[in-house]
Amino acid sequence: MHALVDGNNFYVSCERVFRPSLNGRPVVVLSNNDGCAIARSNEAKALGIRMGTPFHDIRSQLPDAGVVALSANFTLYGDMSSRLMAIAAGLGPAQEIYSIDECFIGLHGMPGDLLQRAVRLRERVLRWIGIPCGIGIGSTKTLAKLANHVAKDAERRPDARYPSALAQVCDLSRLPAGCTLDQVLAATPAADVWGIGPRLTAQLERDGIRTALDLARADAPTLRRRFGVIVERTVRELRGEACIQLEDLPPPKKEVACTRAFGVPVRTLAPLQEAVSDYASRAAFKLRQQRTRASQVLVFIHTNPFRRSDKQYARSITMPLRRPSGDTAAIVQAALRGLLAIWQPGYRIHKAGVILLDLQDAGVEQGELELDAATAREAGPLMAALDRLNDRYGRGTVQVGSAGLGGDARTWTMKQQWRTPQYTTCWDDLPVARA
DNA sequence: TCTGGGGTCCTAGGACCC
DNA sequence: TCTGGGGTCCTAGGACCC
């Protein structure tokens, strides 16, 4: 048996904890560069603002509908997330943190009334950190996901699709009298099932598969042939056959990336070199945080694909490192060499990124014959000192020279017009309580 | 005028091997 | 006119997730 705990409209809820005046109002949180909506309050959803709606399409609604738009504050959300996860871990013996706002809890061997436990946990999360969440319980991860979807939909739109008794906490293995699993599955569009995206939805539709119940009753081998093993697994999971294990030990990452769209298009090489240096440094830092090293560095640049009238350009290149490395200097150098190889003048570059590939555990050391004393120098202590300084005095205190001077000298940084303070992670931003 | 970032997995096809 | 079988590895592209 699994539970899925998921913060409702998580980013919006985090903002509301520190600005209660946002309660009851339509609120959207925007992606980096204030590009599009990545979280919406229930009121914003009711206005028809969809996930991923470009901000320029919402803008007109701001004044008359009273929509509040905020820039994403990932530092705040990350900190609130660790608090949520710590509390949610109390629900059962195993936890898989699946994303910033949701985790699976393994419930095997839990005594007592699981539904009551879940209800109490939900209250505790709300009381301790102010985040409303939905909890779904099911015999497989896919069913727990579906139960969670039901819990949230039934709360937001009581009796629209599901009985309001299923709101907030929903256990598909113990439905209330007069409500069957088949009814719940039949009320759920196939598109709302975990693992069924827009493309598959359209293809399944053509085969007459429209609801989760249709999917659960479909012939698994046929679906495997037509759509592959993932869809087959989803079908089996919907029937209660556990195919996806709980991963309470996160598997090591296979790649680490830092990619950004620019606040304004970039036409010249110099700012691109600054940006790529900055992204490569950030990626190298993440690499060291998880004690891994990279063997290859991919760098890419491209124009804005939405601007059809612009001349389009997109290229990437993968640069091998001489040996697996977590050294910022080596990684930045490789990224800059790659950039020079793919750079062409005459385009409005919209986005660039650095992706570190072929990651290896930092504990694994490949012995080799040293022929070149310069490259043999051990960068470990230097990187450790760099990370300590930046941790103590703030990110960017010490950085590679090629990333530029920072501040206003950087023309390419992203737009964040409405970012809220880092209430929980920065002394200067600490909220003040007034009597 | 304005459209995010960071991941994972699967599959098909080509190169190459014996 | 006739032209094997069975592998592995790599890459690009597609699909999905939040």
Side-chain angles (χ1 to χ4, degrees), chain A residues 4 6-11 28-40 49-60 62 69 71-74 77-78 81 96-104 141-142 145 148-149 152 190-204 224-234 243-244 247 250-265 279 282-283 286-287 290 296 298 300 302-310 314-318 320 348 350-359 414-417:
Chain A
L4 183 80
D6 181 329
N8 295 356
N9 314 329
F10 185 65
Y11 300 164
V28 298
V29 171
L30 303 173
S31 62
N32 279 340
N33 270 318
D34 297 334
C36 56
I38 54 171
R40 302 104 71 221
I49 299 174
R50 307 253 290 259
M51 188 71 168
T53 306
F55 178 56
H56 56 86
D57 291 348
I58 305 171
R59 187 158 222 151
S60 54
L62 289 183
S71 305
N73 184 349
F74 290 112
Y77 312 149
S81 171
E96 171 187 341
I97 296 176
Y98 178 68
S99 76
I100 192 165
D101 71 333
E102 60 188 290
C103 63
F104 289 99
K141 285 170 85 173
T142 303
K145 273 290 250 188
N148 178 272
H149 170 78
K152 293 204 290 190
D192 291 347
V193 174
W194 190 37
I196 306 298
R199 298 301 175 103
L200 282 170
T201 301
Q203 293 174 32
L204 290 168
R224 181 191 185 120
R225 241 178 293 120
R226 282 184 43 73
F227 303 109
V229 294
I230 295 187
V231 173
E232 184 202 16
R233 207 171 56 186
T234 298
C243 306
I244 310 175
E247 288 179 355
K253 289 230 189 310
K254 297 178 175 174
E255 53 187 68
V256 160
C258 180
T259 71
R260 297 270 184 285
F262 301 121
V264 291
Y279 303 165
R282 289 172 189 253
K286 288 193 209 174
L287 198 64
Q290 54 184 53
Q296 305 187 72
L298 182 151
F300 71 83
H302 65 74
T303 47
N304 187 342
F306 292 104
R307 291 182 61 114
R308 294 278 175 76
S309 53
D310 275 12
R315 275 199 70 188
S316 73
I317 189 170
T318 303
R348 293 155 59 91
H350 167 70
K351 183 172 178 176
V354 173
I355 306 179
L356 306 181
L357 306 164
D358 206 352
L359 306 192
M414 61 190 181
K415 276 185 291 192
Q416 283 202 311
Q417 230 175 305

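Every chain is numbered from 1, with letters handed out A, B, ... down the list of sequences. Since this is a predicted model, take the numbers as computed values, not measurements.
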Practice task
Scan A:Lys145 against the nucleic acid and name what it touches under 4.0 Å (heavy atoms): base, sugar-phosphate only, or nothing.
Solution key: sugar-phosphate
Practice task
Could you tell me whether A:Glu102 contacts a base, only the sugar-phosphate backbone, or nothing, with contacts defined as non-hydrogen atoms closer than 4.0 Å?
Solution key: sugar-phosphate
Exercise for the section: Tell me, please, the opening and closing nucleotides of DNA chain B, 5' to 3', among those with an atom under 4.0 angstrom from a non-hydrogen atom of chain A. Expected result: B:dT1 to B:dT11
Practice task
Return the 5'-most residue of the pair A:Ala257, A:Ser31 with respect to DNA chain B, ranking by each residue's nearest nucleotide.
Solution key: A:Ser31
Practice task
Indicate, with a heavy-atom threshold strictly under 4.0 Å, whether A:Phe306 touches base, sugar-phosphate, or nothing.
Solution key: base
Problem - A:Glu102 side chain near A:Leu4 side chain, heavy-atom distance below 4.5 Å - result: yes
Exercise for the section: Hey, can you tell me if A:Phe104 and A:Trp194 have their rings parallel, tilted or perpendicular (30° and 60° cut-offs)? Expected result: tilted
Exercise for the section: Name the nucleic acid region contacted by A:Tyr98, choosing base, sugar-phosphate or nothing; use a 4.0 angstrom heavy-atom cut-off, strictly under. Expected result: sugar-phosphate
Problem - Spacing of the P atoms in C:dC18 and B:dC2 (rounded, Å) - result: 30 Å
Exercise for the section: Assign A:Pro198 to base, sugar-phosphate, or nothing according to its heavy-atom contacts below 4.0 angstrom with the strands shown. Expected result: sugar-phosphate
Handout entry: Consecutive-pair stems (3 or more, Watson-Crick or G-U, under 3.5 Å) for DNA chain C
Key = B:5-18 with C:5-18
Handout entry: Nearest-0.5 Å distance that lies between atom NE2 in A:His350 and atom OG1 in A:Thr303
Key = 9.0 Å
Handout entry: 5' priority, DNA chain B, between A:Lys415 and A:Gly228 [closest heavy atom]
Key = A:Lys415
Exercise for the section: Taking the side chain as every heavy atom from C-beta outward, state whether A:Arg307 and A:Arg348 have any atom pair closer than 4.5 Å. Expected result: yes
Exercise for the section: Quick one: label A:Arg260 by what it contacts on the DNA or RNA (base, sugar-phosphate, nothing), any heavy atom closer than 4.0 Å. Expected result: sugar-phosphate
Exercise for the section: Determine whether A:Lys141 and A:Glu96 make a side-chain contact, defined as any pair of heavy atoms from C-beta on separated by less than 4.5 Å. Expected result: yes
Practice task
Would you classify A:Asp101 as touching base, sugar-phosphate or nothing, given that sugar-phosphate means primed atoms plus P, OP1 and OP2, and contacts are heavy atoms under 4.0 Å?
Solution key: sugar-phosphate
Exercise for the section: Classify the nucleic acid contact of A:Leu30 as base, sugar-phosphate or nothing, counting any heavy atom under 4.0 Å across all strands shown. Expected result: nothing
Handout entry: Sub-4.5 Å side-chain heavy-atom contact between A:Asn9 and A:Arg40
Key = no
Practice task
Identify whether any heavy atom of A:Asn304 sits under 4.0 Å from a base atom; if not, whether one sits that close to sugar-phosphate; answer base, sugar-phosphate or nothing.
Solution key: sugar-phosphate
Handout entry: Side chain to side chain, A:Leu359 and A:Gln290, heavy atoms closer than 4.5 Å
Key = yes
Exercise for the section: Describe the nucleic acid contact of A:Val264 in one word from base, sugar-phosphate, nothing, applying a heavy-atom distance below 4.0 Å. Expected result: nothing
Practice task
Kindly assign one of parallel, tilted or perpendicular to the pair A:His302 and A:Phe300, based on the angle between their ring planes and the thresholds 30° and 60°.
Solution key: parallel
Practice task
Looking at every strand, decide which applies to A:Arg307 at a 4.0 Å heavy-atom threshold: base, sugar-phosphate, or nothing.
Solution key: sugar-phosphate
Handout entry: Contact check, side chains of A:Asp6 and A:Asn148, non-hydrogen atoms, under 4.5 Å
Key = yes
Practice task
Identify whether any heavy atom of A:Ile355 sits under 4.0 Å from a base atom; if not, whether one sits that close to sugar-phosphate; answer base, sugar-phosphate or nothing.
Solution key: nothing
